[in-house]
Amino acid sequence: MFKRNKKVTIVDCYTYRADVFNYFPMSPASEYVPEWFKTLPAPKWDSMLRGDRVSEQNNIKNCPVIMQYFKRGFVLPLWSDLEIEVGEKGTDHYQWQYSDCRSAITSHSNHQLPPNLLGDYIHLKLESPWMLKCEQGIDFLCTELERSFNNIPSSMHLLKGVLDFRTNAATNVNMFIKREDKVQNILLKAGTPLLHYVPLVETKINMKTHLVTTEQYASVSDVNTQISADARHKQKIKRDFFKKPKKFKTLVDV
């Protein structure tokens, strides 16, 4: 159940890349309503009476669930064309290339995952050029943007999660890709909506995007620093710091 919080929530979005800031900013989900949805005719009542019933010319555009969905949260778009080649079942081959020739992809090593978890899947992490801050400390559901009918193939699964942008700044995109019977060549176009961040409270989101220096960007990222090899100890350090309450100071606060 959603908690009630009618205050405005400010989300600051930082990048050091001018191309990303200008061409592919973090944007409200309302800007990613599919074109096919926009072009549907507006539902209306038919003026002709049929017995004691009034005929309604209805369609999916009259669905309040979808309308409310696109009013919530904001979206991370892909910031460059990306081609991924995945080898067929039984192989360990994969390779990738961004058109910007500077973005990166990493992968979790096998020891970080239970044995045989991946099976026919490979894990990839797209390193996002955006870092986020939200001092209110609310949780956001991170999920693939539904009903977008984008170019993400059915063999690719973007992982869901819950994030607090007071204690975490990264917006990396984790995905599993299932190997098929033949080689896959996947092309994702720049601007493709990847992740949808939905606040788990009733609040209005006020987004602010910032173009900063690499030094300022790194200072925002420092909230993610691996200050302990023990995840539970790391979380305790963060809980003790933020419950005082304190604000994580960065160079963008100067």
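- Within the 4.5 Å cutoff, side-chain heavy atoms of Arg179 are placed close to those of Thr91.
- Between Phe140 and Phe165, the ring planes lie tilted relative to each other; the angle falls in the 30° to 60° range.
- Under a cut-off of 6.0 angstrom, the local environment of OH in Tyr23 is sparse, with at most 12 non-hydrogen atoms contributed by other residues, nucleotides or ligands.
- Ring orientation note: the planes of Phe241 and Phe248 are nearly perpendicular, at an angle over 60° on the 30°/60° scale.
- The two residues Thr167 and Lys238 have their closest heavy-atom pair at O-NZ, 2.8 Å.
- One finds the CD1 atom of Ile84 at 4.0 Å from the CE atom of Met156 (value rounded to the nearest 0.5 Å).
- More than 12 heavy atoms of other residues, nucleotides or ligands sit less than 6.0 Å from atom CG of Asn185.
- Atoms OG1 and CG, from Thr250 and Asp222 in turn, are 9.0 Å apart once rounded to the nearest 0.5 Å.
- Checking Val8, Thr9, Val11 one by one against Asn206, the side-chain contact (heavy atoms from CB on, under 4.5 Å) holds for a single residue, Val8.
- Between atom CD of residue Glu127 and atom CG of residue Asn172 there is a gap of 6.0 Å, rounded to the nearest 0.5 Å.
- Shown here for Val75 and Pro77, the closest heavy-atom pair between the two residues is O-CD, 3.4 Å.
- The aromatic ring centroids of His196 and Tyr32 lie 6.0 Å or more from each other.
- Note: Met26 CE to Tyr14 OH = 12.5 Å, rounded to the nearest 0.5 Å.
- A donor-acceptor pair under 3.5 Å is absent between the side-chain atoms of Asp164 and the main chain of Asp139, judged by distance alone.
- Atom OH in Tyr16 sits 12.0 Å away from atom OG1 in Thr213 (nearest 0.5 Å).
- For the pair Lys133 and Asp253, the salt-bridge criterion is met [side-chain N within less than 4.0 Å of a carboxylate O].
- Residues Leu194 and Ile152 have side chains in contact (heavy-atom distance under 4.5 Å, counting atoms from C-beta outward).
- Using a cutoff of 4.0 Å between basic side-chain nitrogens and carboxylate oxygens, Arg17 and Asp19 are scored as salt-bridged.
- Using modelled atom types and a 3.5 Å distance limit, the side chains of His93 and Glu85 yield a donor-acceptor pair.
- Environment of NZ in Lys89: crowded, with over 12 heavy atoms of neighbouring residues, nucleotides or ligands closer than 6.0 Å.
- Closest of all the heavy-atom pairs between Ser228 and His233 is OG-ND1, 3.2 Å.
- At least one side-chain heavy atom of Ser128 sits under 4.5 Å from a side-chain heavy atom of Trp79.
- Taking NZ of Lys234 as the start and CD1 of Ile227 as the end, the distance is 7.5 Å to the nearest 0.5 Å.
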